[in-house]
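The next block holds one structure in the form of structure tokens; read it before the comments.
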Amino acid sequence: MTTVGAAVTAADLEAMDGRWELVEGELQEMAPTGYPHGRSTGRVSFRISAHVFAAGLGDVLGAETGFRIARDPDTVLAPDVAFVRADRVPADTTSQAFLDLAPDLVVEVISPSDRAGAVEENVARWLAAGVRLVWVVYPAQQFVAVHTADGVTHERTTLTGGDVLPGLEIDLADLFA
């Protein structure tokens, strides 16, 4: 166990109970989410999963899957949904608590308790770690902010997987219905 003031490591985090993320060695508690968040997360995960599994593209991972995207100090983030291309999935995933890689796609669904600044900081962390596509889903406003290394766009009609998930299209009217 760590002492007060000491940086927490990914190994420390693995041994802890509760829902936490680790940002530059500092713990951040993750609050439980509400119905709109869970519903949107389930719907977007279902659509991504159906596309990925039908084409054999890789793995779709659900909420609370930790990705160590930085070391010394460690940063372990857990997106609501993540996709990792098949050729990037480690050969042995059974012995790893946290994957030491950045997913190809990260989906974050906004809850009323989320602070805008913290969301933007995490988007920047994901992109700096090498994530190619970050979707930030806003259920209350019924739009998705699409972040890439080239910038951000806001989608209100159709969400596409671009070159990360070619052929994937999600009708936002269905997602938010």
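Only a predicted model underlies this, so the values are computations on that prediction, with no experimental measurement involved. This chain uses plain numbering: 1 for the first residue, then up along the sequence. Side-chain atoms are counted along with the backbone in the values below, which use heavy atoms only and exclude waters and symmetry mates.
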Would you say the side chain of [Y] lies within less than 4.5 Å of the side chain of [X], judging by non-hydrogen atoms?
X	Y	result
E121	V23	no
D72	T9	no
T160	E155	no
F67	L77	no
E108	V119	no
L101	P90	yes
Q141	H154	no

In Å and rounded to the nearest 0.5 Å, what is the [atom1] to [atom2] distance from [X] to [Y]?
X	Y	atom1	atom2	answer
T148	D163	OG1	CG	9.5 Å
T33	I110	OG1	CD1	12.0 Å
R47	L165	CZ	CG	14.5 Å
I170	T158	CD1	OG1	10.0 Å
L57	L105	CG	CG	11.5 Å

What's the shortest heavy-atom distance between [X] and [Y], and which atoms?
X	Y	value
S111	H37	OG-CD2, 3.0 Å
L13	V8	N-CG1, 4.3 Å
V60	S45	CG1-OG, 4.3 Å
D12	A7	OD2-O, 4.1 Å
F176	P139	CE2-CA, 3.7 Å
A129	A102	O-CB, 3.4 Å

Mind checking whether [X] and [Y] sit in one hydrophobic cluster, side chains of I, L, V, M, F, W, Y counted as touching below 4.5 Å?
X	Y	value
V137	F83	yes
L168	L175	yes
L172	V136	no
L159	V81	yes
V109	V164	yes

E26 atom CD, over 12 foreign heavy atoms within 6.0 Å: no
More than 12 heavy atoms of other residues, nucleotides or ligands under 6.0 Å from CZ of F46: is that the case? no
Is it true that R43 and D174 make a salt bridge, defined as a side-chain N closer than 4.0 Å to a carboxylate O? no
Please, which pairs that meet ring-ring contact (aromatic ring centres under 6.0 Å, His included) have at least one residue in residues 119-138, sequence neighbours excluded? Y138-F143
By side-chain hydrogen bond (donor to acceptor under 3.5 Å, both in side chains) - contacts of R68 (at least two apart): D100
Out of V84, D80, V89, which residue meets the side chain to side chain contact (heavy atoms under 4.5 Å, CB included) rule with L61? V84
